[in-house]
Amino acid sequence: MKGRFSWFNATSIAFGFAFLYLPILLLVIYSFNDSKLVTVWGGWSTRWYTGLLNNQGLMDAAWVTIRVALISSTIAVVLGTLAAIVLVRMGRFPGRTLFSGMIFAPLVMPEVITGLSLLLLFVAINFDRGFWTVVLAHATFTMCFAAVVIQARLYDFDKSVEEAAMDLGASPVSTFFQVTLPIIAPSVISAWLLAFTLSLDDLVIASFATGPGGTTLPMKIYSQVRLGVTPEINAISTIMIALVTVGVIIASYMTRLSATRAETDKRKADAAMT
Amino acid sequence: MSVATALDTKSTTAPHAKAGPRTAAPQSGFAPWKDPSAKPIVRFENVTKRFGDFVAVKNCSLDIYEKEFFSLLGPSGCGKTTLLRMLAGFETPTEGRILVDGQDITGLAPYERQNINMMFQSYALFPHMTVEKNIGFGLRQEGMAAAHIDKRVEEAMALVELGKFAKRRPNQLSGGQQQRVALARAIAKKPRIMLLDEPLGALDKKLRNQAQFELMRIQETTGTTFIIVTHDQEEAMTVSSRIGVMNVGELVQVSTPGEIYEAPQSRYCAGFIGEVNMLEGKVAGVADGFVDIAAADGGRYKARAPEGLSTDQPVWLAIRPEKLRIGLDKPDSAVNIIPGKVSDVGYLGSISHYHVVIGTGQRVTALRANSSHTVERPINWEDNVWLEWPAEAGIVLTR
Amino acid sequence: MRRWMVIAVPYIWMLLFFLIPFFIVFKLSLSDLATAMPPYVPAFDTSSLSAWLASIKAGIGQFDFENYAFIFSDDLYLNAYWSSVKIAGLATFFTLLIAYPLAYGMARAPKDWQPTLVMLVILPFWTSFLIRVYAWIGILKKEGLLNLWLMNMGVISEPLTIMNTTTAVYIGIVYSYLPFMVLPLYASLEKINPSLLEAAEDLGCPPWKAFWQVTFPLSIPGVIAGCFLVFIPAVGEFVIPDLLGGSDTLMIGKTLWNEFFSNRDWPVSSAVAVVLLLVLIVPIVIFQWLQQKQREAV
């Protein structure tokens with residue numbers, strides 16, 4: 001709804017966003033603080049950033065985290081797309097309620113429960129815990145988020161283009177790859193980004209599912225934080241925040257770019273018609 | 001009655017129709033449905049389609065011949081689109097079979113039906129492909145060589161006059177241009193049977209009339225069998241070689257436009273196409289091929305008798321407005337005359353509509369061309385008039 | 001047919017990695033503790049078929065509700081469950097209080113601002129949860145920024161102890177889960193037709209009354225969705241009470257973690273998890289049902 005955008009509205013937005021962003025801003029600023037203490041401002045310095053490069057433990061953990069995130073989010077998107085197709089297109093089949101329950105439950109399930117249950121599974125089947133168990137665990141819980149994003153898109157999808165493709169001779173599988181997938185691609189990409197971020201960020205599930213070789217950055221950060229605040233954490237946090245912000249800005253810029261391009265082309269076409 | 005005469009009659013009743021429209025199918029010699037040795041290209045055999053409790057199509061049997069421009073006509077919900085989709089393969093008949101060239105295709109998926117292609121009501125153009133790529137899609141599925149595809153795409157675009165839009169995307173085209181792309185995409189595969197689902201529904205009036213003739217031209221040039229679904233009776237009358245009128249899942253009548261107009265087989269068909277006056281009565285007697293009808297208002301009507309009439313059978317007499325002669329003096333004949341009072345006059349330049357209230361209170365419409373040499377004075381509101389018609393002009397309907 | 005393959009792949013994955021683990025958790029909650037690694041008595045001896053069958057029999061015979069009895073007898077666990085529900089409930093309420101004006105302002109904002117505003121709400125969510133909680137440590141601790149600022153302003157003379165108290169946990173939960181409340185609220189507020197409010201005013205209703213009688217009731221689906229999205233995971237939250245809470249902040253997520261990692265008592269942890277799941281099963285089922293209704297309404 002629109003309506004009068006009052007002073008109250010503007011203030012509530014301002015306060016809301018201030019509340020959301022202030023801690024992040026402070027974090028970033030203090031990563032450049034030459035002093036270790038928050039109460040003392042020691043001047044601008046990047047020593048914590050250079051210190052990061054020497055911190056082998058943190059670097060290894062970062063590398064593990066990125067690899068886990070890349071692999072698990074790709075698996076999650078493939079599984080999530082399949083799950084979305086099942087939810088939206090496959091109609092009623094025996095066991096459908098159970099399936100939809102299993103897909104939507106992890107969205108709200110406390111991570112301690114999901115983490116514990118996955119760990120017990122790996123122990124029960126005697127699967128050595130480490131890098132790959134973290135990948136499997138992450139793929140499982142992020143796939144549900146991916147499925148939710150993609151099924152929302154599939155719901156609004158105009159099926160007549162798929163019918164047209166089949167009418168022109170494309171098999172159902174062929175239709176999916178030539179027609180459906182390219183059209184829902186933006187949703188698939190944002191589902192991938194969502195899965196990637198959730199994996200990058202996860203502490204609890206990774207802690208349960210991990211083993212030798214599977215120490216992720218959140219786990220490393222968490223263990224250091226328990227000992228006390230160190231600006232190195234601020235530094236690595238700032239880097240991660242910067243990466244995410246740049247990524248989101250590029251993504252929204254590209255979306256707006258393709259939208260304006262389509263708009264200009266349309267206007268040219270309209271002008272050509274008259 | 002030939003197609004040409006029917007269309008001429010149409011043009012006097014509908015002043016906005018073209019003067020001298022082209023006939024739909026190739027000239028009046030084309031009538032394969034009359035040839036007992038002709039084999040239909042499409043045959044629906046006792047096809048029924050149920051969606052749960054709802055019966056969309058009831059026991060339809062229909063033969064369509066090659067090179068026909070066949071229309072399925074009816075209001076929304078009558079089952080015409082369902083019938084078309086069953087032919088395309090998107091729905092499976094609950095009962096019955098569908099044969100193409102004598103082969104049973106009932107169980108085949110849409111992509112397995114090679115000779116049949118459809119143009120969708122919403123056009124269903126692939127938004128992520130250019131016009132060229134859209135049109136070439138079906139050819140790529142066949143595994144055709146790239147150079148050959150390019151040639152066919154060019155031909156298709158020339159046929160629908162879309163040449164300079166090859167590299168555009170669907171969202172950069174107008175509605176009329178999108179419609180042509182949808183048509184070109186289906187035609188590019190050179191199917192033997194083209195299905196069109198309300199192809200002109202989304203176009204505005206001016207474009208629609210033009211597009212009707214475009215479709216006819218393309219059908220004649222390519223020699224493809226066209227089956228079109230529409231709720232617009234003028235459209236059906238303009239383009240078709242034959243029309244299948246549907247109501248609530250049933251095929252009510254299948255005839256040429258002229259036959260449907262001049263010889264409808266039911267009140268539904270008579271009322272659906274053009275305007276008609278319906279007079280009620282009972283059969284008083286049959287003699288010499290003519291039936292004597294005792295009308296509800298006490299008059300007596302004479303008309304050509306259809307088969308199997310019995311005395312006292314309730315019948316309806318359908319008379320087209322242009323067949324009624326309206327005048328101020330009482331006619332000499334004693335049959336097929338009705339007195340009435342003019343309640344409304346619609347003057348449309350070349351013709352006039354007269355709404356006349358007759359004895360029973362029913363409103364009857366008469367149509368008259370405003371020729372310059374009329375003996376009587378012009379007919380006005382509140383005038384007492386006489387309506388008269390020849391015996392051959394009335395159509396006797398029993399259902 | 002191919003249709004079954006498409007269904008089978010994600011189905012089997014979820015059965016294997018989601019459903020079956022729950023059964024294992026349940027089974028373990030009925031078992032005994034052992035000090036061998038992994039710390040529970042392995043139930044099945046797979047050396048031979050007869051040994052396997054025998055061990056199944058022995059295993060089932062060993063099943064008991066000992067661990068559950070233990071949980072229910074010890075005040076610690078019962079208090080932790082109750083405290084978690086209380087804290088999560090209250091935190092959900094506070095989140096609603098802060099999120100509602102924000103979402104309302106966003107819905108009222110000029111149309112071209114709205115996508116940007118939505119992006120700004122989502123952006124912190126993309127950055128690490130852990131990092132954002134960590135940021136509050138620096139603010140809330142005794143020598144932290146908040147105390148610094150308040151003391152400099154002269155508002156207080158002694159630093160406040162917020163860090164390591166339940167208050168900090170509330171702040172942490174509200175902060176971290178805010179986007180989950182704002183987005184569903186915004187979605188339902190944005191759908192409301194402005195002419196409804198105009199009609200109310202035309203019929204003599206002052207704006208503040210129109211809000212309570214028209215806007216708020218129509219936003220209730222968003223309120224409910226947001227509350228579920230915050231409450232359910234917050235009950236089992238671990239990171240926030242661990243980093244920001246004190247030793248007297250009892251939350252079941254922390255208890256489960258300690259039971260598992262510190263005490264190494266897997267069977268009891270499993271029992272704790274099962275009971276937590278039972279506590280949450282009602283809200284989870286209601287949430288699923290609401291999702292289903294919403295999808296059917298479309």
Side-chain angles (χ1 to χ4, degrees), chain A residues 81 85 88-93 150 152-191 254-274, chain B residues 84-85 87-91 108-131 133-144 164-165 167-178 181-182 184-189 191 193-195 197:
Chain A
T81 310
I85 294 177
V88 178
R89 293 296 177 76
M90 294 286 173
R92 295 188 187 286
F93 58 91
I150 298 175
R153 177 65 184 95
L154 274 181
Y155 232 78
D156 295 337
F157 189 78
D158 175 18
K159 282 209 294 214
S160 58
V161 274
E162 288 180 346
E163 287 183 348
M166 287 207 283
D167 175 73
L168 292 162
S171 68
V173 172
S174 194
T175 305
F176 179 76
F177 285 106
Q178 287 188 75
V179 176
T180 317
L181 198 55
I183 296 180
I184 64 172
S187 287
V188 174
I189 293 177
S190 40
M254 302 220 67
T255 340
R256 225 168 321 146
L257 193 63
S258 74
T260 16
R261 195 183 294 137
E263 188 61 46
T264 342
D265 283 341
K266 179 146 210 274
R267 253 183 264 131
K268 267 196 273 168
D270 286 342
M273 265 217 316
T274 50
Chain B
L84 197 78
R85 283 172 66 88
L87 183 53
F90 295 114
E91 311 280 357
L108 292 182
Y111 52 96
E112 291 168 328
R113 299 188 189 202
Q114 294 293 359
N115 316 336
I116 308 177
N117 287 125
M118 184 149 143
M119 183 187 146
F120 289 75
Q121 186 174 3
S122 66
Y123 309 145
L125 299 181
F126 304 127
H128 59 296
M129 296 184 198
T130 58
V131 165
K133 286 268 182 295
N134 258 283
I135 298 177
F137 183 86
L139 302 168
R140 289 197 294 278
Q141 306 315 305
E142 287 173 26
M144 214 181 256
K164 41 187 172 49
F165 295 106
K167 302 277 188 223
R168 292 266 166 86
R169 296 236 162 165
N171 65 338
Q172 298 163 334
L173 300 174
S174 71
Q177 289 160 347
Q178 287 179 356
V181 175
R185 185 175 66 178
I187 278 273
K189 285 186 70 129
I193 304 168
M194 262 289 283
L195 308 177
D197 186 2

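Just so you know, these numbers come straight off a predicted model, no measurement behind them. Proteins get letters first, then strands, A, B, ... in listed order; numbering begins at 1 in each.
Annotation: maximal heavy-atom pairing with chain A below 4.5 Å, among B:Arg140, B:Met119, B:Arg85, occurs at B:Arg85. Heavy-atom pairs under 4.5 Å with chain B peak, among A:Ala170, A:Pro172, A:Pro182, at A:Ala170.
The distance from atom CG of A:Asp158 to atom CZ of B:Phe120, rounded to the nearest 0.5 Å, is 10.0 Å. To the nearest 0.5 Å, atoms CG (B:Leu87) and CE (B:Met118) are separated by 9.5 Å. Atom CD of B:Gln141 sits about 12.0 Å away from atom OH of B:Tyr111, to the nearest 0.5 Å.
No part of A:Ala185 comes within reach of chain B, as not one of its non-hydrogen atoms sits under 4.5 angstrom from that chain. Heavy atoms closer than 4.5 Å to chain B are found in both the backbone and the side chain of A:Gln178. Neither the backbone nor the side chain of B:Leu139 comes within contact range of chain A, judged by heavy atoms closer than 4.5 Å. Looking at B:Arg169, neither its backbone nor its side chain comes within 4.5 Å of chain A, counting heavy atoms on both sides. Heavy-atom distances place no part of A:Thr175 under 4.5 Å from chain B, backbone and side chain included.
At a threshold of 4.5 Å between non-hydrogen side-chain atoms, the residues B:Pro170 and B:Asn134 count as touching.
In this structure, A:Arg89 forms no cation-pi arrangement with A:Phe157, as its terminal cationic atom is not both closer than 6.0 Å to the ring centre and no more than 45° off the ring axis.
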